[in-house]
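Lettering follows sequence order; numbering is per chain, from 1.
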Amino acid sequence: MSSRSFQAPTGTRDVLPPESARWRALIARFDALATLAGYGLVVGPMFEEVGVFQRVGESTDVVRKEMYDFEDKGGRHLALRPEGTASVVRAYVQHRPTPPWKVWYCAPSFRYERPQAGRYRQHHQLGVEALGAADPELDVEVVALARALYDAVGLVRVTLLLNSIGDAVCRPGYLDLLEAFLVVRNARLCGEHRLGARQNPLRVLDCKRPECRETTADAPRIVDHLCEACAHHFRGVQEGLSSLGVAFVLDARLVRGFDYYTRTAFEFQAEALESAQSTIGAGGRYDGLVEALGGPATPGVGFGIGIERVLLACDAEGVLPVPTTGVDVWVVDVTGTGAAGALAWALRRAGIAADRGFDARSMRAQMKLADRSGARLALIVGDEEQRSGTVSVRDLRAEGDQQVVARGEVVALVKELLA
RNA sequence: GUGGCCGUAGCUCAGCCCGGUUAGAGCGCCGCGUUGUGGUCGCGGAAGUCGGGGGUUCAAAUCCCCUCGGUCACCCCA
């Protein structure tokens, strides 16, 4: 008792059983959906050279002030991944798989920020990235895949917000327009944006304060100033979603946090979440990112879904209950002859989930464990069974149904009873 | 990074405002209720440096300060 104890670092948490079974269920559904759509799993490093992320988000807080960066023993400047896309794109540039390259991932992201409801310093994202095709139908597929996950877990109150933020051809001109609009009305913006409007005018549109909302109510909208190519692409996305029956709401104010987005930007909002963090998934197209990371000009589109937030939304809607897990059979052994281990493994080899107690506890105590485990059957080996080479098989759900069988026939009987 | 609220057994909490003998409850956990059998019930038990540090006081879980942690909001974002 001389040493103090430790706890998980601020903003991180342990996901333990039985709660963790829910995580597994969610991930398994995403795995299934992504696989059905032809996406392969990509597993990559949790950290990269800082440049990978810096090149990608110079103007976002996530990269500027929230990164966990450090120097390793070899003097390399590394950073824990603050988001998923940059790493995957780096992998694409490094390995040059044949496009179109469609992958999915489940990985932690790290951001140094003050934790609050639905916001952690380590959170986990399910995501996909599809590189090498500029087709709006790919945007549609990606968006529909995210939607499919929400459907699969039973979420109903989820709204898809959609916007196009143009590209290198049309956005600069629009930004000039917007800036001119804001400069004239600078005094009417909120304190936060009065000075910052020039740095990133798009941010002002995203501001939630009433001053900014009102002032920008009739601001020029990017969707009215898209170049023909972007406008055409955006129409394609909307038509594609509509024909698939994926409902969406156009939101001209929608801006993504990272610099690399072009054209399509989307966000899924959980209406059931009261907290400030109600975005349960977001993504978009990033046609300039591969080039920014040193690869050949390659279009791409993807999204990230926050596992913790989706689960909060599930709580709010009362869906995706924690799955009941546990073994089917519990082995009770008071002989101390190793019968418990032998029987448990015989069952496991036959594909039957089985567990047992340890520390030579009393029959009563072991029966209690069996009961608590939720197992359907208890196998009991006492002195009598030991002597006669048998096992008592007790049905824990019935009124005390118990039968005695020869050891060699236990597995067969258990199989029959569980069927 | 800024601000509000909170921090007592594994969990949920009472006690704190009006400082004072061995800090409580429920749940959970462990044991027992005779001969080898769980789920109900009964009895008993273990478990807390009252987040940590400092201060005030004869005396602090109770008052003050700092700190760490949690939570909520801003910012930002999944």
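For rG24(B), the paired base is rC13(B) (Watson-Crick or G-U wobble, both distances below 3.5 Å).
One can find a donor-acceptor pair under 3.5 Å joining the base of rC75(B) and the side-chain atoms of Arg119(A). For Gln386(A) and rG36(B), a side-chain-to-base donor-acceptor distance below 3.5 Å is absent, hydrogens and geometry of angles not being considered. The base of rG38(B) is paired with the side chain of Arg394(A) by a donor and an acceptor separated by under 3.5 Å.
In terms of heavy-atom proximity, Ala25(A) sits nearest to Pro323(A) at CB-CG, 4.2 Å. Nearest heavy atom pair, residue Cys106(A) against residue Ile307(A), reads SG-CD1, 4.1 Å. Nearest heavy atoms, Arg90(A) versus Val52(A): CG-CG2, 3.9 Å.
Taking atom P in both rC6(B) and rA23(B), the straight-line distance is 26 Å, to the nearest Å. Here, rC11(B) and rG3(B) have their P atoms 30 Å apart, quoted to the whole Å. Rounded to a whole angstrom, the distance from the P atom of rG20(B) to that of rU62(B) is 11 Å. Of the C1' atoms belonging to rU57(B) and rG19(B), the separation is 9 Å, rounded to the nearest Å. Rounded to the nearest Å, the gap between the P atom of rG4(B) and that of rU67(B) is 13 Å. The same atom, P, is picked in rU21(B) and in rG36(B); the two are 49 Å apart, to the nearest Å. Using atom P as the reference point in both rA47(B) and rA9(B), the two lie 15 Å apart (nearest Å).
Residues Asp328(A) and Arg376(A) are not paired through a salt bridge, judged by the lack of any N-O separation under 4.0 Å between the basic side chain and the carboxylate. A salt bridge is absent between Asp371(A) and Lys368(A); no separation between the charged side-chain nitrogens and carboxylate oxygens falls under 4.0 Å.
If you measure from atom CZ of Arg121(A) to atom C1' of rA78(B), you get 17 Å, rounded to the nearest angstrom. Rounded to whole angstrom, the span from the CZ atom of Arg364(A) across to the P atom of rU37(B) amounts to 9 Å. The distance from atom NZ of Lys368(A) to atom C1' of rG33(B) is 11 Å, rounded to the nearest whole Å. Atoms CZ (Arg111(A)) and P (rC75(B)) sit 16 Å apart, rounded to a whole Å. Across the protein-nucleic acid pair, Gln7(A) atom CD and rC68(B) atom C1' stand 8 Å apart, rounded to whole Å. Atom pair Met67(A):CE and rC77(B):C1' shows a separation of 15 Å (rounding to whole Å applied). Taking atom CZ on Arg81(A) and atom P on rA78(B), their separation rounds to 14 Å, with Å as the unit. Rounded to whole Å, the distance from CG on Asp383(A) to P on rU35(B) is 14 Å.
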Are any protein N/O atoms closer than 3.5 Å to N/O atoms in nucleotides 26-28 of chain B? If there are, list each pair with its distance.
none

Sub-3.5 Å pairs of nitrogen or oxygen atoms, protein against nucleotides 4-8 of chain B:
none

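In summary, of the residues considered (Phe303(A), Tyr39(A), Phe30(A)), a ring pair (Phe, Tyr, Trp, His ring centres under 6.0 Å) with Trp104(A) occurs for Phe30(A) alone.
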If you look only at distance, which donor and acceptor atoms sit under 3.5 Å apart when one is on a side chain in residues 401-419 of chain A and the other is two or more places apart or in another chain?
residue: Gln402(A); atom: OE1; partner: Arg394(A); partner atom: NH1; Å: 2.6
residue: Arg407(A); atom: NH2; partner: Gln386(A); partner atom: OE1; Å: 3.0

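Looking at heavy-atom distances under 4.0 Å, Glu385(A) makes contact with a base. Using a 4.0 Å heavy-atom criterion, one finds that Gly118(A) contacts the bases of the nucleic acid, with or without backbone contacts as well. Residue Val62(A) is in sugar-phosphate contact alone, with no base atom involved, counting any heavy-atom pair closer than 4.0 Å across all strands shown. Nucleic acid contact class of Ile380(A) (heavy atoms, under 4.0 Å, all strands): base. Contact annotation for Ala365(A): backbone-only contact, meaning every heavy-atom pair under 4.0 Å involves sugar-phosphate atoms and none involves a base. As judged by a 4.0 angstrom heavy-atom cut-off over every strand, Gln366(A) is placed among residues making no nucleic acid contact. Note on Phe303(A): nothing from the nucleic acid sits closer than 4.0 angstrom, heavy atoms only. Residue Glu83(A) is out of contact with every strand shown, counting any heavy-atom pair closer than 4.0 Å. At a threshold of 4.0 angstrom between heavy atoms, the contacts of Ala117(A) are confined to the sugar-phosphate backbone, with no base atom among them. When heavy atoms are screened at a 4.0 angstrom cut-off, Gly374(A) is found touching no nucleic acid atom at all.
A cation-pi arrangement is absent between Arg147(A) and Phe268(A), since the terminal nitrogen or guanidinium carbon is not both under 6.0 Å from the aromatic centre and inside a 45° cone about the axis.
No side-chain N or O of Tyr92(A) forms a donor-acceptor pair with one of Glu129(A) less than 3.5 Å apart. Between Gln269(A) and Thr279(A), the side chains place a donor N or O and an acceptor N or O closer than 3.5 Å (distance only, hydrogens not considered). If you check the side chains of Glu385(A) and Thr390(A), you find no donor sitting under 3.5 Å from an acceptor. No donor-acceptor contact under 3.5 angstrom links the side chains of Arg114(A) and Thr10(A), judged on distance only.
Checking the phosphate oxygens (OP1, OP2) of rA78(B), no side-chain nitrogen or oxygen of Ser109(A) falls inside 4.0 Å. A close approach under 4.0 Å does not occur between any side-chain nitrogen or oxygen of Thr10(A) and OP1 or OP2 of rC68(B). Residue Gln116(A) places at least one side-chain N or O under 4.0 Å from the OP1 or OP2 atom of rA73(B). Contact between the side-chain N/O atoms of Arg361(A) and the OP1/OP2 oxygens of rC30(B) is found at a separation under 4.0 Å.
Where Leu369(A) and Tyr120(A) each meet RNA chain B at their nearest nucleotide, the meeting point lying more 5' is that of Leu369(A).
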